[in-house]
Asker: 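Below you'll find the structure I mean.
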Amino acid sequence: MKFKGYTRPDGTVGIRNYLLIIPSVVCANNTVQRIAQQLPGAVGITHQHGCSQFPIDGEQTKRTLVGFGTNPNVGACIVVGLGCENVQPQEVAAGIAKSGKPVACIVIQEAGGTINAVSEGVRIGRKMLADLSLQEKEEHDLSEIILGLECGGSDTTSGIAANPAVGVASDLLVEHGGTAILSETQELIGAEHLLAERAVSPEVAKRVIEIVKRAEESAFRMGEDIRLANPSPGNKKGGLSTLEEKSLGCVHKAGLAPVQEVIEYAYKPTKKGLVIMDTPGNDIESITGMAAGGAQIIVFTTGRGTPTACPIAPTIKVCGNGNTCRTMEDNIDISAAGIIEGTSTVREVGERIFAELVEVCRGKLTKAEQLGFGDFGINRIGPTQ
């Protein structure tokens, strides 16, 4: 199956062609926002990191920023830094530049303050946007697609309808040679053995068990039990009673394909097929990690409804709760309520999700894109220094 996308110098394929503006540190957020405001069509992101972090956290922040900049949906990038931070903007820009795409680096302290930095960013950005507008799409195979799988605001319909239907769509993409990423390690607790049984090797099975155990132990070291915070109050109002129950619904998003590998947060898959990324359950940080790992598109299931989305990876919302589909029609792309109501099968809805995925790859805008929504959040390992 084919679609037309943007061929990148590193061989990856974008389904969008964004100019992305990245702050290397929280101190550059306002400057990034002012540059993006003057460049219609550009995407500016903000975050709270880049300084006052332990080295392991600084490395994760840099890896995530570089991964976001090298995502195939980004055609060009401007990195904005303050100049004295731990995560140096020149290093982020150099990491992105290895992909071969145009990258500029602006340092506020060297530019002579915010006004000069904004002026320089707008001048460079206008040229980049003009160049991006001339790029033409080329035909590519669906095997070039990396799909991120996410669920949030879950209720009882998520594990019964939306997640199994997304699992069908994920399997169909894998059958076409593509890649699907399952994330949210905390929400694998209680279902990790089922995924381990599907691993392609004993080593991969061991890694599945390891990341779940690591997530539980990290909470214990703080004197906390994950089960006291998850399911959330909203999950419980939606009928979910335990984390294990939530997990057994969550893993349905991964369909029935074998687990090819387990990767760390914001790393790119090295295998085709179903891959597990170790991310937190937090929707925004999880999606950010998968997009930094190269996911061009996200399918996001929700029972209670949520407007969140990735700023550079089109996010398709699927909901199995008929009431939510009606009350949050502006946010939901596909209703899976027919499965609950007995008018559709899981297979039928899954094939509809897969068809929508292909259409979005071909350029159709998701509801979140129509609203201009996009959220960005980097997972943090340790405390602030």
Asker: Could you give the distance from CD1 (I334) to CD1 (I353), rounded to the nearest 0.5 Å?
Answerer: 5.5 Å
Asker: Salt bridge check, E351 against R347: does any charged N sit closer than 4.0 Å to a carboxylate O?
Answerer: yes
Asker: In terms of relative ring orientation, are F376 and F68 parallel, tilted or perpendicular, with 30° and 60° separating the classes?
Answerer: perpendicular
Asker: Could you tell me whether the side chain of T279 and the main chain of E184 form a donor-acceptor pair under 3.5 Å?
Answerer: yes
Asker: Looking at every heavy atom in both E85 and V25, which two are closest together, and how far apart are they?
Answerer: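 Looks like OE2-CG1, 3.4 Å.
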Asker: Would you call R16-E369 a salt bridge at under 4.0 Å N-O?
Answerer: yes
Asker: In terms of hydrophobic clusters joined by side-chain contacts under 4.5 Å, are M277 and L194 together?
Answerer: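 No: no chain of side-chain contacts under 4.5 Å links M277 to L194.
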Asker: Determine yes or no for a side-chain-to-main-chain donor-acceptor pair under 3.5 angstrom, with H252 supplying the side chain and G167 the backbone.
Answerer: no
Asker: Side chains of E150 and S286: donor-acceptor distance under 3.5 Å anywhere?
Answerer: yes
Asker: Give the minimum heavy-atom separation between V349 and S335, together with the two atoms involved.
Answerer: CG1-O, 4.4 Å
Asker: Please determine, by modelled atom types, if D333 and T366 share a side-chain donor-acceptor pair under 3.5 angstrom.
Answerer: no
Asker: Closest heavy-atom contact between K253 and L149?
Answerer: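 Heavy atoms of K253 and L149 come nearest at O-CD1, 3.3 Å.
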Asker: Walk me through it: do E261 and K272 pass the test salt bridge (charged side-chain N to carboxylate O under 4.0 Å, His left out)?
Answerer: CA-CA 9 Å; E261 68 174 338; K272 293 278 191 179; over 6 Å; no
Asker: Among side-chain atoms of N321 and D155, is any donor-acceptor pair under 3.5 angstrom?
Answerer: yes
Asker: Compare every heavy atom of V43 with every heavy atom of P311, then report the nearest pair and how far apart it is.
Answerer: CB-CG1, 3.9 Å
Asker: Examine V118 and I21 and state if one hydrophobic cluster contains both, with Ile, Leu, Val, Met, Phe, Trp and Tyr joined whenever side-chain heavy atoms are less than 4.5 Å apart.
Answerer: yes
Asker: Give me the atom names and distance for the closest heavy-atom approach of E285 to Y265.
Answerer: O-OH, 2.8 Å
Asker: Between N86 (side chain) and S52 (backbone), is there a donor-acceptor pair under 3.5 Å?
Answerer: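 Present.
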Asker: In sequence, state the C-alpha distance, the side-chain angles, and the governing distance for I160 and V346, and then conclude on side-chain contact (heavy atoms from CB on, under 4.5 Å).
Answerer: CA-CA 9 Å; I160 298 172; V346 169; over 6 Å; no
Asker: Once you round to the nearest 0.5 Å, how far does CD of E120 lie from CD1 of I106?
Answerer: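 It comes to 4.5 Å.
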Asker: Sequence neighbours left out, cut at 3.5 Å: what donor-acceptor pairs do the side chains of residues 69-84 make with other protein atoms?
Answerer:
{"unit_1": "T70", "atom_1": "OG1", "unit_2": "V66", "atom_2": "O", "d": "2.9"}
{"unit_1": "T70", "atom_1": "OG1", "unit_2": "G67", "atom_2": "O", "d": "3.2"}
{"unit_1": "T70", "atom_1": "OG1", "unit_2": "K268", "atom_2": "NZ", "d": "3.2"}
{"unit_1": "N71", "atom_1": "OD1", "unit_2": "N73", "atom_2": "N", "d": "2.8"}
{"unit_1": "N71", "atom_1": "ND2", "unit_2": "A291", "atom_2": "O", "d": "2.8"}
{"unit_1": "N71", "atom_1": "ND2", "unit_2": "A295", "atom_2": "O", "d": "2.9"}
{"unit_1": "N73", "atom_1": "OD1", "unit_2": "I15", "atom_2": "N", "d": "2.9"}
{"unit_1": "N73", "atom_1": "ND2", "unit_2": "Q296", "atom_2": "O", "d": "2.9"}
{"unit_1": "N73", "atom_1": "ND2", "unit_2": "I312", "atom_2": "O", "d": "2.8"}

Asker: Donor-acceptor pairs are to be reported for all side-chain atoms of residues 206-213 against protein atoms at under 3.5 Å, with residues two or more places apart or in another chain.
Answerer:
{"unit_1": "R207", "atom_1": "NH2", "unit_2": "E264", "atom_2": "OE2", "d": "2.9"}

Asker: State the NZ-CG distance between K101 and L20, to the nearest 0.5 angstrom.
Answerer: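 If I round to the nearest 0.5 Å, the distance is 8.5 Å.
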Asker: Do any N or O atoms from the side chain of S170 and from the backbone of G255 form a donor-acceptor pair under 3.5 angstrom?
Answerer: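 No, because the side chain of S170 does not come within donor-acceptor range (under 3.5 Å) of the backbone of G255.
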Asker: Distance check, rounded to the nearest 0.5 Å: T288 atom OG1 versus D375 atom CG?
Answerer: 8.0 Å
Asker: Please check if L182 and F300 belong to a single hydrophobic cluster, counting links between Ile, Leu, Val, Met, Phe, Trp and Tyr side chain heavy atoms closer than 4.5 Å.
Answerer: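 Shared cluster, no.
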Asker: Can E138 and T7 be counted as having a side-chain donor-acceptor contact under 3.5 angstrom?
Answerer: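 Checked: E138/T7 side chains pair up, N/O donor to acceptor below 3.5 Å.
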Asker: Any side-chain donor paired with an acceptor under 3.5 Å for R34 and Q37?
Answerer: no
Asker: For the side chain of H47 and the backbone of P23, is there at least one donor-acceptor N/O pair under 3.5 Å apart?
Answerer: yes
Asker: Could you tell me whether a side-chain N or O of E245 sits under 3.5 Å from a main-chain N or O of S241, the two making a donor and an acceptor?
Answerer: yes
Asker: Would C151 and S158 satisfy side-chain contact (heavy atoms from CB on, under 4.5 Å), going step by step from the backbone distance to the final call?
Answerer: CA-CA 8 Å; C151 59; S158 298; 5.8 Å; no
Asker: Report yes or no: does N163 contribute a side-chain atom to a donor-acceptor pair with the main-chain N or O of G249 at less than 3.5 Å?
Answerer: yes
Asker: State, without any angle test, whether T61 and Q53 hold a side-chain donor-acceptor pair at a distance under 3.5 Å.
Answerer: yes
Asker: Check for me, please, whether L129 and I35 land in the same ILVMFWY cluster - side-chain distances under 4.5 Å, paths through other members count.
Answerer: yes
Asker: Any donor and acceptor pair, going by atom type alone, linking the side chain of T157 with main-chain N or O of G303 inside 3.5 Å?
Answerer: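 No, because the side chain of T157 does not come within donor-acceptor range (under 3.5 Å) of the backbone of G303.
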Asker: Could you tell me whether R126 atom CZ has more than 12 heavy atoms of other residues or ligands within 6.0 Å of it?
Answerer: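 Result for CZ/R126: open.
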Asker: Tell me if the CD atom of Q135 is crowded by more than 12 foreign heavy atoms within 6.0 Å.
Answerer: yes
Asker: Charged N to carboxylate O under 4.0 angstrom, E216 versus R221?
Answerer: no
Asker: Do K317 side-chain atoms and T308 backbone N/O form a donor-acceptor pair below 3.5 Å?
Answerer: yes
Asker: Is it true that D330 and K367 have a side-chain N and a carboxylate O under 4.0 angstrom from each other?
Answerer: no
Asker: Would K4 and E136 count as a salt bridge (charged side-chain N to carboxylate O under 4.0 Å, His left out) here? Give the steps.
Answerer: CA-CA 9 Å; K4 284 192 172 182; E136 296 184 356; over 6 Å; no
Asker: Look at atom CD1 of I115 and say whether more than 12 heavy atoms of other residues, nucleotides or ligands are closer to it than 6.0 Å.
Answerer: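 For I115, atom CD1 is not crowded (no more than 12 foreign heavy atoms under 6.0 Å).
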Asker: With no hydrogens and no angle check, do the side chains of S232 and N235 hold a donor and an acceptor under 3.5 Å apart?
Answerer: yes
Asker: Going through the distances and angles, do L357 and I297 end up as a side-chain contact (heavy atoms from CB on, under 4.5 Å)?
Answerer: CA-CA 8 Å; L357 183 154; I297 188 167; 4.0 Å; yes
Asker: Indicate yes or no for a side-chain donor-acceptor contact from E192 to the backbone of G190 under 3.5 Å, with no hydrogens or angles considered.
Answerer: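 Such a contact is found between E192 side chain and G190 backbone.
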Asker: How close do G153 and D283 get, counting heavy atoms only, and between which atoms?
Answerer: N-OD2, 4.5 Å
Asker: Could you note down all residue pairs passing ring pair (Phe, Tyr, Trp, His ring centres under 6.0 Å) where residues 338-358 supplies at least one of them, sequence neighbours left out?
Answerer: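 Only H176-F354 qualify under ring pair (Phe, Tyr, Trp, His ring centres under 6.0 Å).
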Asker: So that I can tick it off, tell me whether D10 and R8 are bridged by a salt bridge, with the cut-off set at under 4.0 angstrom between side-chain N and carboxylate O.
Answerer: no
Asker: Please determine whether side chain to side chain donor-acceptor pair (under 3.5 Å) holds for the pair S24 and Q88, giving the CA-CA distance in whole Å, both sets of side-chain angles, and the decisive distance to 0.1 Å.
Answerer: CA-CA 7 Å; S24 62; Q88 285 286 289; over 6 Å; no
Asker: Looking at E187 and K246, does any basic side-chain N land under 4.0 Å from a carboxylate oxygen?
Answerer: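 Looking at K246 together with E187, the answer is yes, because their closest N to O distance falls below 4.0 Å.
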Asker: What about V166 and I339, same hydrophobic cluster or not, with Ile/Leu/Val/Met/Phe/Trp/Tyr joined at side-chain heavy-atom distances under 4.5 Å?
Answerer: yes
